[in-house]
There are 2 protein chains.
Amino acid sequence: MKKHTLGKLHKNTLHQQIVSLLAQRIINTMHPGDKLPSERDIAADLDVNRATVREALKKLEMLGLIEIRHGEGIFIKDYLTSGNLELFKMMIYLNDTIPFSILQNLLEIRKIIVPQMAAIASQNINREEIQLFESIIENNDTILEKDLAVHQLIAKASKNLLYMFLLNFFNQIFRDFGYLYFENPDNQTRSQKFHRELLEAFKSGNSKKAFSITQNVLEYTEKRIYAYYSQIYPDRG
Amino acid sequence: MKKHTLGKLHKNTLHQQIVSLLAQRIINTMHPGDKLPSERDIAADLDVNRATVREALKKLEMLGLIEIRHGEGIFIKDYLTSGNLELFKMMIYLNDTIPFSILQNLLEIRKIIVPQMAAIASQNINREEIQLFESIIENNDTILEKDLAVHQLIAKASKNLLYMFLLNFFNQIFRDFGYLYFENPDNQTRSQKFHRELLEAFKSGNSKKAFSITQNVLEYTEKRIYAYYSQIYPDRG
DNA sequence: GTGGTTCAGTGGTTCAACCACTAACAGTAT
DNA sequence: ATACTGTTAGTGGTTGAACCACTGAACCAC
């Protein structure tokens, strides 16, 4: 790895490549409790510097994939019981297509939590946030950006920092795949309708309405995404 | 808030100390878009090596606190729109006591999602998982370990990997604070009752019952925790 | 057995140097 | 004036070698 013998496209940093490489190796071929080679050996195997390997290992540690013990070594953790949302995100991007089961997981959780938070937001929202909502609807951003902003406003109005962070997770994924969804004009108008209706529910402080409005649009979204997915991959839907 | 308050001193690694230091500095005194000093300057300021600083910066990057741009520098991100659950966790442990608002956030989200997942689990659980549930109830672990295991089983039975990872987040926190909760014998028997009832609901595949049983115990838990908290900090409850 | 010592192997940290990228600027050609 | 080009300073990215700190196992003395 010392010299770029070929004009390869190295868009990622070296330690990021090592993160992906080791993550795949760990998930696919190793088991909890297994010991990873020493930092020196990994560095030698990959023909990179030990410091670079260490930066990659620090990231893998934060993903919940490994545990680094001073004086002992590096051990594989059970990602089912120690993995976090960052690992989930990486699993999405490791493959070139998002696995269908992962997609289902995502939409299932989303449908559970978002309507409830919209209901809570309707009770806690203040004038300033109402105005922000109106300006989001009126501005000239793309519908994708608007929708992301609306959900962020729901989180802000809910006054729940944990939901704010949870939403960041959803949005980071949706930002990458959402453009596909909004290529369909029907989906665009459906979201615009959702934004308008939710604003009214917020203005009147009607939590039940906020809940149902949000639930309905998520169910619509779900159907559309499944339809799209099974159209692209007829054997998986 | 670790259990072993005696005997174990602060033996954090140097780069971990730097993570905490920089995280506090960023959250408390800096704003999104601000530029952090260069790696070389930070290393000089803290009188540590640049490689050590870099390992800390890699972690801060994964927390969503900073963005590192090759050739440009290190920039503060808006943690409200880029922070993740790991950052939320760090915010809990940065202070010596868990802030009340954070506690509320946690319990609010937990109460929304866990009963729904229990209902889903009741529909997807298989014989093997039923047996695992029974063995959890019968074994001799502490009630804290049992309760963590029961929730893990709910996640496993739900067949939702994302919820599995979300639960890891909750459990990592509950593992550190839960022993306080279970010091109360009433709370212990309440959880044991929950485990038995949920097992029956799972056996009969009754999703509504699984939902309400889980919701009830979470509401009980919530009240107890709030009561405990306002007893310790009378001015905040 | 018990307790202390040594030793090899591991992660943690340091140092100095160089590579690769970015922005800003000055100079040039058009 | 405008657009292009090369230079340069400052930044993060990577390297190599060395040493420090911790762990477990083997060994030894009692």
Side-chain angles (χ1 to χ4, degrees), chain A residues 1-23 25-26 30 33-77 82, chain B residues 2 4 7-23 25-26 30 33-77 82:
Chain A
M1 287 266 184
K2 206 166 184 179
K3 283 296 177 182
H4 301 173
T5 52
L6 284 179
K8 289 183 183 178
L9 218 55
H10 284 199
K11 57 180 176 180
N12 284 333
T13 62
L14 197 46
H15 61 261
Q16 190 55 49
Q17 295 177 42
I18 296 175
V19 168
S20 301
L21 182 71
L22 292 180
R25 186 176 300 180
I26 290 171
M30 302 191 74
D34 286 358
K35 194 174 177 182
L36 220 55
S38 72
E39 295 180 347
R40 289 168 179 83
D41 288 347
I42 296 175
D45 281 354
L46 302 181
D47 197 21
V48 298
N49 190 269
R50 193 178 149 215
T52 306
V53 172
R54 280 179 60 79
E55 291 184 7
L57 291 175
K58 288 286 163 296
K59 290 199 174 185
L60 291 173
E61 187 183 28
M62 291 213 78
L63 291 175
L65 274 179
I66 62 173
E67 180 179 354
I68 305 175
R69 299 192 208 136
H70 189 179
E72 293 186 63
I74 308 161
F75 298 86
I76 310 299
K77 296 181 78 171
S82 63
Chain B
K2 292 295 170 80
H4 315 83
K8 293 236 174 184
L9 300 179
H10 288 71
K11 282 198 174 181
N12 285 339
T13 61
L14 196 46
H15 62 259
Q16 190 54 49
Q17 294 177 41
I18 296 175
V19 168
S20 301
L21 181 71
L22 291 181
R25 187 177 297 180
I26 289 170
M30 302 191 76
D34 286 357
K35 194 175 177 182
L36 220 56
S38 72
E39 296 180 346
R40 290 168 178 83
D41 289 347
I42 296 175
D45 281 352
L46 302 180
D47 198 20
V48 297
N49 189 268
R50 194 178 148 213
T52 307
V53 172
R54 280 179 61 80
E55 291 186 6
L57 290 175
K58 288 288 162 294
K59 289 200 173 183
L60 291 173
E61 187 183 27
M62 291 215 79
L63 291 175
L65 275 178
I66 62 173
E67 181 180 355
I68 304 174
R69 299 193 209 134
H70 190 180
E72 293 187 62
I74 307 161
F75 298 86
I76 311 297
K77 297 181 76 171
S82 63

Distances under 3.5 Å between nitrogen or oxygen atoms of protein and nucleotides 5-9 of chain C:
residue : atom : partner  : partner atom : Å
dG9(C)  : N2   : Gly71(A) : O            : 3.0

Output a table of donor-acceptor pairs, distance under 3.5 Å, between side-chain atoms of residues 61-73 of chain B and any protein atom two or more places apart or on a different chain; print 'none' if there are none.
residue  : atom : partner  : partner atom : Å
Glu61(B) : OE1  : Lys59(A) : NZ           : 3.4
Arg69(B) : NH1  : Glu72(B) : OE1          : 3.4

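- Rounded to an integer number of Å, the gap from Asn49(B) CG to dT15(D) C1' is 13 Å.
- For DNA chain C, the neighbouring residues in residues 57-69 of chain A, judged by any heavy atom under 4.0 Å, are Lys58(A), Ile68(A), Arg69(A).
- OP1 or OP2 of dG13(D) lies within a sub-4.0 Å distance of a side-chain N or O belonging to Arg54(B).
- Atom CG of Asp41(B) and atom C1' of dG12(D) are 13 Å apart (whole Å).
- Between dG12(C) and His15(B), no contact under 4.0 Å exists linking OP1 or OP2 to a side-chain N or O.
- An OP1 or OP2 oxygen of dG12(D) is reached within less than 4.0 angstrom by no side-chain nitrogen or oxygen of Thr13(A).
- For Thr52(A) and dT15(D), the shortest distance from a side-chain N or O to OP1 or OP2 is below 4.0 Å.
- We find that CD1 of Ile18(A) is positioned 8 Å from P of dT14(D), with the value rounded to whole Å.
- Separating the CD1 atom in Ile18(A) from the CG atom in Asn12(A) is a distance of 11.5 Å, to the nearest 0.5 Å.
- In terms of the side-chain contact (heavy atoms from CB on, under 4.5 Å) criterion, residue partners of Ser82(A) (sequence neighbours excluded) are, by chain and number, Lys77(A).
- Contact check for His15(A) versus Lys58(A): no side-chain heavy atoms found under the 4.5 Å cut-off.
- Between the axis at the start and the axis at the end of the helix from dG1(C)-dC30(D) to dT30(C)-dA1(D) there is an angle of 10°, using five pairs per end and rounding to 10 degrees.
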List, one per line, each side-chain donor-acceptor pair under 3.5 Å for residues 36-45 of chain B, sequence neighbours excluded.
residue  : atom : partner  : partner atom : Å
Ser38(B) : OG   : Asp41(B) : N            : 3.2
Ser38(B) : OG   : Asp41(B) : OD2          : 3.4
Glu39(B) : OE1  : Arg50(B) : NE           : 3.0
Glu39(B) : OE1  : Arg50(B) : NH2          : 3.0
Glu39(B) : OE1  : Arg54(B) : NH1          : 3.3
Glu39(B) : OE2  : Arg54(B) : NH1          : 3.0

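- What separates CG of Leu14(B) from C1' of dG12(C) is a distance of 9 Å, to the nearest Å.
- Comparing Arg50(A) and Leu36(B) along DNA chain D, the residue whose closest nucleotide (by nearest heavy atom) sits nearer the 5' end is Leu36(B).
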